[in-house]
2 protein chains.
Amino acid sequence: MRPFFHPSIDDVQPEAILHALSDPNRAAIFVNIMRAGGIQTCSAVSALGDRVIPKSSLSNHFKVLREAGLIRSERHGVEMRNHPRFADVEARFPGLLPAIITAYASNVVEDSRETAE
Amino acid sequence: MRPFFHPSIDDVQPEAILHALSDPNRAAIFVNIMRAGGIQTCSAVSALGDRVIPKSSLSNHFKVLREAGLIRSERHGVEMRNHPRFADVEARFPGLLPAIITAYASNVVEDSRETAE
DNA sequence: TCAATAGTTCATAGTTTCCGAACTATTGAA
DNA sequence: TTCAATAGTTCGGAAACTATGAACTATTGA
């Protein structure tokens, strides 16, 4: 188990952020980490809505978020704590994360309106 | 050659937009279409920077942008005209496209600064 | 020392993307 | 009309990427 790689904020690329968040599961994980007072373990996040995500897939999702520069992961005892790198990313690409998060959030409302009838 | 599919703006999903624009080539194509007074043919766009994109790949890039709801394509004689659906998308996901375009634009500056030394 | 917990890594099946080659559609001559 | 040129689409197979079960690693607490 080699130590995690966290890119310096200057090396963070917009395409990596868009790619990471273009998967709705990963976007949901990221939003979850943002909401959870800024910290979340991997397993706490593993049941997203109805669907259970296998832990190997989860591990990979966290890796993609980490390498895109969106989160920082550190081991605390047996568990992993994940922090959003919101301020960093916001300073480098102002407005990007809020716009993406808002877009997903507004979309959920309309999804449920659609499926409600 | 079947007619093009353009999703209704209500069916446009944030993940499709992020996925479409997570490819730097496609993002550059989209920006190019936005800049070109709102219209651009496919071939006018085919030389992006240094790299030549094969036309089958280009055709696919336009398809991805179209199906993500980002552009509208219509045939005029022998050529294709592509219009950005900026106002539509902006109304549905306010701030999303400007933030993405700005992120890529600011990144280019820093890329060239890096490679200049 | 051992079991439990939390996650990573590996192997592989399935999916997506890229691009050359062949094809289609439209126009403007000869 | 037919033909060549232009502008793109579609097809097919190789390469790249993604998901997940199974095996593994690391840490803790009994």
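Chain letters run A, B, ... following the sequence lines, proteins first, then strands; residues in each count from 1.
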Atom pair distance, as rounded to whole Å: NZ in A:Lys55 and P in D:dA23 | 13 Å

Closest non-hydrogen atoms of B:Tyr104 and B:Leu21, given as atom of the first, atom of the second and distance, are OH-O, 2.6 Å

Taking CZ from A:Arg81 and C1' from C:dA6, how many angstroms apart are they, rounded to a whole number?
-> 13 Å

Are B:Ile101 and B:Val89 connected in the hydrophobic side-chain network, where two residues link if heavy atoms are under 4.5 Å apart?
-> yes

Whole angstrom value for the distance that separates P of D:dG8 from CZ of B:Phe62 = 8 Å

When you compare the protein's N or O atoms with those of nucleotides 12-15 of chain D, which come within less than 3.5 Å of each other, and at what distance?
none

Where A:Ala103 and B:Leu96 come nearest, the two heavy atoms and their spacing | CB-CD2, 4.1 Å

Between A:Leu58 (CG) and D:dT20 (C1'), how many Å, whole number?
-> 11 Å

As its Watson-Crick or G-U partner within any shown strand, both distances under 3.5 Å, D:dA15 has C:dT16

Starting at CD of A:Glu74 and ending at P of D:dT27, how long is that distance when rounded to a whole Å?
-> 14 Å

Is the closest side-chain heavy-atom distance between A:Arg26 and A:His19 below 4.5 Å?
-> yes

Please list every donor-acceptor pair under 3.5 Å in which a side-chain atom of residues 77-86 of chain A meets a protein atom from a residue at least two apart or in another chain.
residue, atom, partner, partner atom, Å
A:Arg81, NH1, A:His76, ND1, 3.2
A:Asn82, OD1, A:Ser73, OG, 2.7
A:Asn82, ND2, A:Gln40, O, 2.9
A:Arg85, NE, A:Asp88, OD2, 3.3
A:Arg85, NH1, A:Pro7, O, 2.8
A:Arg85, NH2, A:Pro7, O, 3.1
A:Arg85, NH2, A:Asp88, OD2, 3.2

Rounded off to whole Å, could you give me the CZ-to-C1' distance for the B:Arg75 and D:dA7 pair?
-> 7 Å

Picking from D:dA26, C:dT8, D:dT10, the nucleotide nearest the side-chain atoms of B:Ser56 would be D:dT10

Give the rounded distance in Å between these two atoms: CE of A:Met80 and C1' of D:dT27.
-> 12 Å

Can you find a pair of side-chain heavy atoms, one from B:Asn25 and one from B:Leu58, that are under 4.5 Å apart?
-> no

Report yes if the side chains of A:Arg92 and B:Asn107 come closer than 4.5 Å at any heavy-atom pair, otherwise no.
-> yes

Starting at CD of B:Glu67 and ending at C1' of D:dT9, how long is that distance when rounded to a whole Å?
-> 13 Å

Nucleotide of D:dG8, C:dT5, C:dG7 approaching A:Val78 most closely (side-chain heavy atoms) = C:dT5

Protein-nucleotides 13-18 of chain C N/O pairs under 3.5 Å:
residue, atom, partner, partner atom, Å
C:dT17, OP1, B:His19, NE2, 3.0

Taking the six-membered ring of A:Phe4 (Phe, Tyr or Trp), confirm whether the NZ or CZ of A:Arg66 is under 6.0 Å from its centre and within 45° of its axis.
-> yes

Using Watson-Crick geometry (N1-N3 plus N6-O4 or O6-N4) or G-U wobble (N1-O2, O6-N3), each under 3.5 Å, C:dA4 is paired with D:dT27

A:Val64, A:Leu70: one ILVMFWY side-chain cluster at the under-4.5 Å cut-off?
-> no

